[in-house]
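Shown next, in structure tokens, is the structure this report addresses.
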Amino acid sequence: MFKLNLQRFANEGIAPQTLNVQTTLKNTVGSNDLSPEMKTFYDKALLKFAKPNLVHDQFAQKRNIPKNGGKTIEFRRYSQLPKALTPLTEGVTPTGQNLNVTTVNATVAQYGGYITLSDVLLLTAIDNNLMEAIELLGDQAGRTLDTITREVLVSGTNVLYAGGTVNARTGLTSAMKLTVMDIKKAVRELKIGLAKKINGSYVAIIHPDCVFDLENDDEWISASQYAGSTQIFEGEIGKLYGVRFVESTEAKIWAKAGASNISVYATLVMGANAYGTTAVEGGGLQSIVKQLGSGGTADPLDQRSTAGWKAIKTAEILYDDYLVRIESASTYSNTSDDSAN
């Protein structure tokens, strides 16, 4: 177990364009770079705080970030084979079938953020401000990367409107809350689309406001009643009609998008391989800590250090038939105004 010397870290008030660029892995004699052990420690800490927010990545095909391969990442989509209805002829080898693979290419982009810490703050504060910063940055990274995937998923073309009486988001009223019938319709769509299940069930990502309306149904089964014998997903709260529900406050809300300016919620019901995204581990997300003294002439009195993160990310829908978006109101549609969701 190594010890952290917090007095070695500091940074304050420096513009991003003036930061001295240097690697955190050199660890050369006389330099102020992080040791490999400390780099690993901060990477793990950042990932720990980011992971609970990565709900929308949880059920995707994962692809590693391409190294030295440009900005394009490739996902693969396989077409279903036709039925083999022609009887075999005795002793005769039939004609084989071709595997039809379609590649779906997506362009990755880089995201990131950082916090500046002063030497005075680190020397005088009671709290461990560096680890507090890592925790906040991890949460920011997780919510950011989760939202990037979410925005791709809610752009899918396979959509149902709660109640089945309107055909546009703007027509949804406050009475059109998410119901068991809406879930059953979504399951039907997935079955007709031949979507495979994920560990034996379809999965839905749902907002707590919609859970409030749905869990009062007598057929709702709380996760606490079955988790002992079944693998539980991150954020899983219950199941209904073969769908396991994962709750997230990051589920999509369109503020003032329905009739009478009510908020509209998205519940995503999906099967396996509906979408793909880049892997967060293995290069997708990394922490960056610049120590006191690493700024060169831009920090002549060694007063500043920074803690930050950066990630390369993209997401892509692979099979529209494997992903159903239910748009609905909720009991809280008149009070919710999460325009930043």
Side-chain angles (χ1 to χ4, degrees), residues 52-59 142-143 146-190 201-225 232-270 274-275 323-341:
N53 296 305
L54 295 171
V55 173
H56 288 85
D57 276 9
Q58 194 171 171
F59 311 104
R143 288 184 293 109
D146 187 69
T147 298
I148 292 165
T149 299
R150 182 195 71 189
E151 292 303 295
V152 170
L153 298 185
V154 299
S155 69
T157 59
N158 202 2
V159 57
L160 298 174
Y161 298 98
T165 59
V166 299
N167 57 10
R169 185 178 304 154
T170 53
L172 289 167
T173 69
S174 58
M176 297 174 181
K177 301 178 181 68
L178 185 67
T179 66
V180 173
M181 182 57 68
D182 297 318
I183 301 302
K184 291 172 70 174
K185 287 179 179 178
V187 169
R188 174 187 173 274
E189 290 286 330
L190 292 177
S201 303
Y202 294 123
V203 175
I205 299 176
I206 185 172
H207 194 278
D209 289 354
C210 293
V211 173
F212 180 86
D213 296 318
L214 196 61
E215 67 182 354
N216 290 324
D217 191 277
D218 292 337
E219 297 183 74
W220 175 268
I221 304 174
S222 173
S224 62
Q225 297 177 245
I232 191 166
F233 297 122
E234 183 76 42
E236 185 175 354
I237 57 168
K239 65 180 180 180
L240 188 67
Y241 280 100
V243 178
R244 296 166 75 166
F245 289 81
V246 172
E247 184 181 59
S248 174
T249 55
E250 295 299 312
K252 180 67 177 180
I253 303 173
W254 291 277
K256 299 180 180 180
S260 303
N261 287 326
I262 65 166
S263 293
V264 175
Y265 296 75
T267 300
L268 297 169
V269 189
M270 66 192 73
Y275 62 107
L323 176 66
V324 180
R325 182 177 78 255
I326 305 173
E327 297 190 11
S328 71
S330 85
T331 298
Y332 299 96
S333 282
N334 289 314
T335 58
S336 175
D337 186 19
D338 193 357
S339 57
N341 175 270

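- Counting heavy atoms from C-beta on, the side chains of E250 and T147 come closer than 4.5 Å.
- More than 12 heavy atoms of other residues, nucleotides or ligands shown are found within 6.0 angstrom of CG on N216.
- Of all heavy-atom pairs between C210 and L178, the closest is CB-CD2, 4.1 Å.
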- Message: Assess the residue pair N158 and R325 against the criterion (side chain to side chain contact (heavy atoms under 4.5 Å, CB included)); give the C-alpha distance rounded to whole Å, side-chain angles, the decisive distance to 0.1 Å, and a yes or no.
- Response: CA-CA 6 Å; N158 202 2; R325 182 177 78 255; over 6 Å; no
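- E236 contributes a side-chain N or O that, together with a main-chain N or O of F233, makes up a donor-acceptor pair within less than 3.5 Å.
- At a threshold of 4.5 Å between non-hydrogen side-chain atoms, the residues M176 and Y161 do not count as touching.
- When all heavy atoms of A259 and T173 are compared, the closest pair comes out as CB-CG2, 4.2 Å.
- Between H56 and D146, the closest heavy-atom pair is N-OD1, 2.6 Å.
- Among residues at least two apart or in separate chains, there is no salt bridge (Lys or Arg N to Asp or Glu O under 4.0 Å) pair with a member in residues 171-188.
- In this structure, L172 and E327 have side chains that are in contact, with non-hydrogen atoms separated by less than 4.5 Å.
- We find the CG-CD1 distance between L153 and I205 to be 6.5 Å, quoted to the nearest 0.5 Å.
- Using a 4.5 Å heavy-atom cutoff, the side chains of Y265 and K252 are not in contact.
- Inter-residue side-chain proximity for P208 and T249 is flagged as met; some heavy-atom pair is nearer than 4.5 Å.
- Residues V324 and V159 fail the side-chain proximity criterion, which asks for heavy atoms closer than 4.5 Å.
- Across all non-hydrogen atoms, the minimal contact from G258 to V264 is N-CG2, 3.6 Å.
- Under the 3.5 Å distance criterion, the side-chain polar atoms of S333 are matched with a main-chain donor or acceptor of S263.
- Interatomic distance, CG of D209 versus OG1 of T335, reported as 7.0 Å (0.5 Å rounding).
- For the atom pair OG (S328) and CD1 (I262), the distance works out to 9.0 Å, reported to the nearest 0.5 Å.
- Using a 4.5 Å heavy-atom cutoff, the side chains of Y275 and T149 are in contact.
- With values rounded to the nearest 0.5 angstrom, E234 atom CD is found 10.0 Å from S248 atom OG.
- Judged as a side chain to side chain contact (heavy atoms under 4.5 Å, CB included), and not counting sequence neighbours, the contacts of V243 are I183, V187, Y202, A204, F245, V269.
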- Task: List the steps and the verdict of side chain to side chain contact (heavy atoms under 4.5 Å, CB included) for H207 and T267.
- Result: CA-CA 7 Å; H207 194 278; T267 300; over 6 Å; no
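- Here the side chain of N341 pairs a donor or acceptor atom with the backbone of A251 at under 3.5 angstrom.
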- Intermediate values then yes/no, side chain to side chain contact (heavy atoms under 4.5 Å, CB included), V180 and L240: CA-CA 8 Å; V180 173; L240 188 67; 3.7 Å; yes
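- Residue D213 comes nearest to S330 through the heavy atom pair OD2-CA, 3.2 Å, listed as atom of the first residue, atom of the second, then distance.
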- Task: Check the pair W220 / I237 against side chain to side chain contact (heavy atoms under 4.5 Å, CB included), numbers first and verdict last.
- Result: CA-CA 10 Å; W220 175 268; I237 57 168; 4.0 Å; yes
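- Closest approach of Q58 and V246 over heavy atoms only: NE2-CG1, 4.4 Å.
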